[in-house]
Amino acid sequence: LRPAPANGDPMLTVGTLAFDVPAVMGILNVTPDSFSDGGRFVGRDAAVRQAEAMARDGAHIIDVGGESTRPGAADVSEQEELDRVIPVIEAVVAAVDVPVSVDTSKPGVMRAAVGAGGAMINDVRALREEGALQAAVELQRPVCLMHMLGKPRTMQQRPEYGDVVADVRDFLAQRVGECVAAGLAEDSIIVDPGFGFGKTARHNVELLSNLRQLRATGRPILVGLSRKSTLGDLTGRDVEERMSASIAAAVIAGIKGAAIVRVHDVRDTVDALRVAAAIMERERVR
Ligand code: YH5
């Protein structure tokens with residue numbers, strides 16, 4: 001999976017190399033707290049402006065999400081999630097040339113999002129909700145399957161593993177197999193270890209350090225560490241001060257073989273990955 005760079009910049013198309021430049025997925029949150037300046041239209045227009053900025057800054061994918069999956073967050077109804085994400089997806093698809101992904105676990109939202117022009121499904125529950133796998137099979141779009149231990153409300157209450165890297169790898173490999181058996185095209189699947197989803201900071205460090213082991217799934221790897229609390233634990237920084245830590249994590253993920261990094265700060269992450277790619281290209285040529 002190597003989407004063409006939106007701006008045609010040759011620095012990003014190092015596609016003949018075995019070591020791919022990671023694609024950058026820009027995060028577009030449409031939960032009520034994210035565009036808190038009032039009514040739905042204001043929120044929609046602010047979201048489109050942010051999407052346009054991310055596209056200009058070199059995002060390869062824009063990920064639109066309307067369900068907060070932060071630890072302890074309340075469930076969102078399907079209607080509420082539809083009301084949040086579908087107008088934004090329609091408007092973003094019309095405004096930018098970058099493929100739009102929908103961050104959802106609900107089959108009704110997946111269908112409506114693809115109907116609105118969405119190009120990809122990003123599911124933190126790996127299509128385990130009732131009807132989600134069937135919807136994804138029918139929709140025939142790329143799908144990201146993410147590992148999560150437990151459920152968002154309780155997942156950070158003492159998560160435990162035998163061997164976190166092996167457990168996550170085996171879950172993802174098994175889930176890829178189940179989804180392919182159900183009719184999902186194998187070459188449309190991306191896997192994600194789910195940083196912060198039922199993991200301590202130690203688990204997250206162990207997973208990033210051993211990211212290459214996830215290649216045993218045979219599928220491209222997506223990494224989402226941007227602004228997450230593990231980076232706060234490692235730096236002592238509050239969430240709004242974690243950009244440098246997030247960029248370090250994205251570059252390391254790229255070096256360790258991530259195909260896609262999911263980030264808030266697209267411009268600065270693209271810069272950092274371009275520098276890393278130039279060095280990695282030299283190392284490969286030699
Ligand atoms: C992910 O890793 N994460 S939503 C807590 C934070 C900061 C950010 C302040 N959707 C992922 O971004 N989809 C989310 O601490 C995702 N992989 C994929 N595929 C959580 C999030 C966040 C949470």
Side-chain angles (χ1 to χ4, degrees), residues 1 22-31 33-34 54 60-76 81 84-85 99-106 109-110 113 118 120-129 132 136 141-149 151-153 155-156 159 168 171-172 175-176 188-201 203-204 207-208 211 214 217 219-243 245-247 249-250 253 258-266 269:
L1 183 116
V24 172
M25 170 186 268
I27 301 171
L28 189 58
N29 268 322
V30 291
T31 49
D33 43 319
S34 35
M54 292 196 291
H60 300 80
I61 309 166
I62 293 173
D63 189 40
V64 179
E67 182 206 6
S68 176
T69 47
R70 291 187 182 192
D75 287 350
V76 182
E81 214 182 305
R84 289 178 187 174
V85 301
V100 173
S101 153
V102 61
D103 189 346
T104 189
S105 299
K106 296 185 178 69
V109 177
M110 294 173 188
M120 175 176 161
I121 298 161
N122 173 28
D123 184 4
V124 300
R125 296 177 183 81
L127 304 176
R128 288 176 293 170
E129 292 289 289
R141 292 295 183 283
V143 179
C144 180
L145 304 175
M146 198 194 80
H147 175 274
M148 167 162 40
L149 183 69
K151 294 183 167 29
R153 237 169 55 74
M155 65 191 177
Q156 291 307 92
V168 168
F171 167 83
L172 291 172
R175 196 62 193 139
V176 169
S188 72
I189 300 174
I190 297 156
V191 297
D192 181 342
F195 289 99
F197 287 85
K199 284 127 192 143
T200 63
H203 292 140
N204 290 326
L207 280 166
L208 184 58
L211 195 70
L214 301 188
T217 61
R219 302 306 313 146
I221 301 160
L222 187 152
V223 164
L225 271 162
S226 185
R227 298 186 189 171
K228 285 185 179 174
S229 65
T230 292
L231 304 179
D233 292 348
L234 294 173
T235 60
R237 303 275 183 207
D238 287 342
V239 60
E240 61 277 8
E241 301 290 333
R242 293 178 189 162
M243 187 169 79
S246 299
I247 289 171
I260 305 176
V261 292
R262 182 179 177 276
V263 305
H264 298 86
D265 301 290
V266 169
T269 306

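Whatever order the structure lists them in is the order used to number ligands and atoms, beginning at 1. These numbers come from a predicted model, not from an experiment.
At the shortest separation from atom 10 (N) of ligand 1 among protein heavy atoms lies Asp103 OD2, 3.0 Å. From the protein, the heavy atom lying nearest to atom 4 (S) of ligand 1 is Thr69 OG1, 3.5 Å. The protein atom (non-hydrogen) at minimum distance from atom 15 (O) of ligand 1 is Arg227 O, 3.5 Å. In this structure, atom 2 (O) of ligand 1 lies nearest to the protein heavy atom Lys228 NZ, 2.7 Å. Among all non-hydrogen protein atoms, the one lying nearest atom 13 (N) of ligand 1 is Asn122 ND2, 3.1 Å.
Between the choices Asp192, Val239, Leu231, the shortest heavy-atom distance to atom 18 (C) of ligand 1 belongs to Asp192. Residue nearest to atom 14 (C) of ligand 1, selected from Arg262, His147, Met25, Glu240: Arg262 (by heavy-atom distance). Atom 8 (C) of ligand 1 has its nearest heavy-atom neighbour, among Ser246, Ser101, Ser226, Pro152, in Ser226.
In this structure, Val64 and Val102 have side chains that are not in contact, with every pair of non-hydrogen atoms separated by 4.5 Å or more. The side-chain heavy atoms of Val124 and Phe197, taken from C-beta on, include a pair separated by under 4.5 Å. Using a 4.5 Å heavy-atom cutoff, the side chains of Asp103 and Met146 are not in contact. A 4.5 Å side-chain heavy-atom check between Arg175 and Leu127 finds at least one atom pair inside the cut-off.
Residues meeting the side-chain hydrogen bond (donor to acceptor under 3.5 Å, both in side chains) test with Arg125, sequence neighbours left out: Glu67, Ser105. For the side-chain hydrogen bond (donor to acceptor under 3.5 Å, both in side chains) test, residues two or more places apart in sequence or in another chain that qualify with Glu81 are Thr104, Lys106.
Arg128 has no carboxylate O lying under 4.0 Å from a charged side-chain N of Asp123, or vice versa, which leaves the two without a salt bridge.
Within ligand 1, counting atoms from 1 as listed, the ones closer than 4.0 Å to a heavy atom of Val124 are 10 (N), 13 (N), 16 (C). The atoms of ligand 1 that sit less than 4.0 Å from any heavy atom of Met146 are 1 (C), 17 (N), 18 (C). Of all atoms in ligand 1, listed by their number and element, those nearer than 4.0 Å to a heavy atom of Leu222 are 19 (N).
Contact between Cys144 and ligand 1 is present, with at least one heavy atom of the residue lying under 4.0 Å from the ligand.
Heavy-atom contacts from other residues, nucleotides or ligands closer than 6.0 Å to CZ of Arg237 number 12 or fewer.
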